[in-house]
Amino acid sequence: MDISLVTWNINSVRLRMPLVERFVAEFNPDVLCLQEIKCRTGDFPEKPLRKMGYEHLAVNGQAGYHGVAIASRVPFGETFSREFCGKGDARHIAVTLGSGGDAITVHNFYVPAGGDEPDRSRNEKFGHKLDFLTEMRDWFSGSAKEHSDRMVLVGDLNIAPLETDVWSHKQLLKVVSHTPIEVEHLGGVQASHGWHDAVRAHIPPEEQLYTWWSYRAKDWRAANKGRRLDHIWVSPKLGGSCTAVEVVKDARGWEKPSDHAPIMARFTI
DNA sequence: ATGGTGGTCCTACCA
């Protein structure tokens, strides 16, 4: 089967439905994976999404903060979410797509940002971020595969692992999102299942690539102080099934934008 | 070195 998928930290889905509609009109993905929907499950804008053809919805919402959702034109098998770090945060949702031997599981994550200080003894949020990644690692090396070992993992992982994933490797070494300990923890998650970075398989690691630009820049495009915080990974059994990826940087410049750009990917599975 | 902007929901907290 051929499937197109977008991952996008939307930073309030209700506020940004016009952007979602514009994105769908231009790119027409089969599956939308959204993070930071910032609404309760019951407040998710189901009607406009159904109207656009996304009749299959899996929502893990929360009032005010976090929250993730998958909206799809392809029917789901099962849908499930896991609570990490026993905090009750809505930061994961997963669905299976397709059937039988073709079925794949799509995991959609919103990893904690981690606060400002990259020191867990002084900043609880940083500790939470590292613990969240450790729990992801242990889950994917163990029971997560019971659902399926044909998996796609997407989302805002809030870490830019490569030197070319940030505007200045040197200046960001002590900035949360690019510190060596975070990169090491993310590497642990990646190694736990032999995940392949589908985005960097298509866009060479030598090339600067960002998916997030701060709202605080006067002119985000001119300053271009971006980071690649959003990711698409595929499990070894789906290696090579991702046929195209594109960071839709234009969407960062649309009216009332999210601070994250969407990443669009195509798969032949 | 600091503060810069933008989201939720109404006051501070989070990114």
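For clarity, every value in this text was computed on a predicted model and none was experimentally measured. Residue numbering restarts at 1 for every chain, and letters A, B, ... go by the order of the sequence lines.
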Can we call the ring centroids of A:Tyr110 and A:Phe132 under 6.0 Å apart?
no
Quick note, side chain to side chain donor-acceptor pair (under 3.5 Å) partners involving residues 235-256 of chain A, not counting sequence neighbours, are A:Asp149-A:Lys237
* Asked: Across the strands shown, which category fits A:Lys125 at heavy-atom distances under 4.0 angstrom: base, sugar-phosphate, nothing?
  -> sugar-phosphate
For this session: Could you give the distance separating B:dA12 and B:dA1 at their C1' atoms, to the nearest angstrom?
Result: 25 Å
Contacts of A:Arg137 meeting salt bridge (charged side-chain N to carboxylate O under 4.0 Å, His left out) (sequence neighbours excluded), chain-then-number -> none
In whole angstroms, the gap separating C1' of B:dC13 from CG of A:Asn123 amounts to 14 Å
Quick note, side chain to side chain donor-acceptor pair (under 3.5 Å) partners involving residues 67-78 of chain A, not counting sequence neighbours, are A:Asn28-A:Arg73, A:Glu78-A:His147
Where DNA chain B forms runs of at least three Watson-Crick or G-U pairs (i with j, i+1 with j-1, under 3.5 Å), the stems are B:5-8 with B:12-15
message: Can you check the distance between B:dT11 and B:dG7, where both ends of the measurement are the C1' atom (answer in whole Å)?
response: 14 Å
Ring pair (Phe, Tyr, Trp, His ring centres under 6.0 Å) pairs touching residues 27-59 of chain A, sequence neighbours excluded, are A:Phe23-A:Phe27
Between CZ of A:Phe126 and P of B:dC14 the distance, given in whole Å, is 17 Å
Rounded to whole Å, CZ of A:Phe132 lies from C1' of B:dA15 at a distance of 16 Å
Expected string for nucleotides 2-12 of chain B under the B/S/- scheme (protein heavy atoms, under 4.0 Å, primed atoms plus P, OP1, OP2 as sugar-phosphate) is --BBSSSS---
Sorted by chain and number, sequence neighbours left out, ring pair (Phe, Tyr, Trp, His ring centres under 6.0 Å) with A:His169 holds for A:His178
Rounded to whole Å, CZ of A:Arg91 lies from P of B:dC14 at a distance of 11 Å
- For B:dC9 and B:dC14, measure between their C1' atoms and round to the nearest Å. 13 Å
*Decide whether a cation-pi geometry holds between A:Arg82 and A:Trp139; the criteria are a distance under 6.0 Å from NZ or CZ to the six-membered ring centre and an angle within 45° of the ring axis.*
yes
Rounded to whole Å, CG of A:Asn158 lies from P of B:dC14 at a distance of 14 Å
Sorted by chain and number, sequence neighbours left out, salt bridge (charged side-chain N to carboxylate O under 4.0 Å, His left out) with A:Asp131 holds for A:Arg120
By salt bridge (charged side-chain N to carboxylate O under 4.0 Å, His left out), A:Lys38 pairs with (sequence neighbours left out) A:Glu36
When rounded to whole Å, the CD to C1' distance for the pair A:Glu124 and B:dC13 reads 14 Å
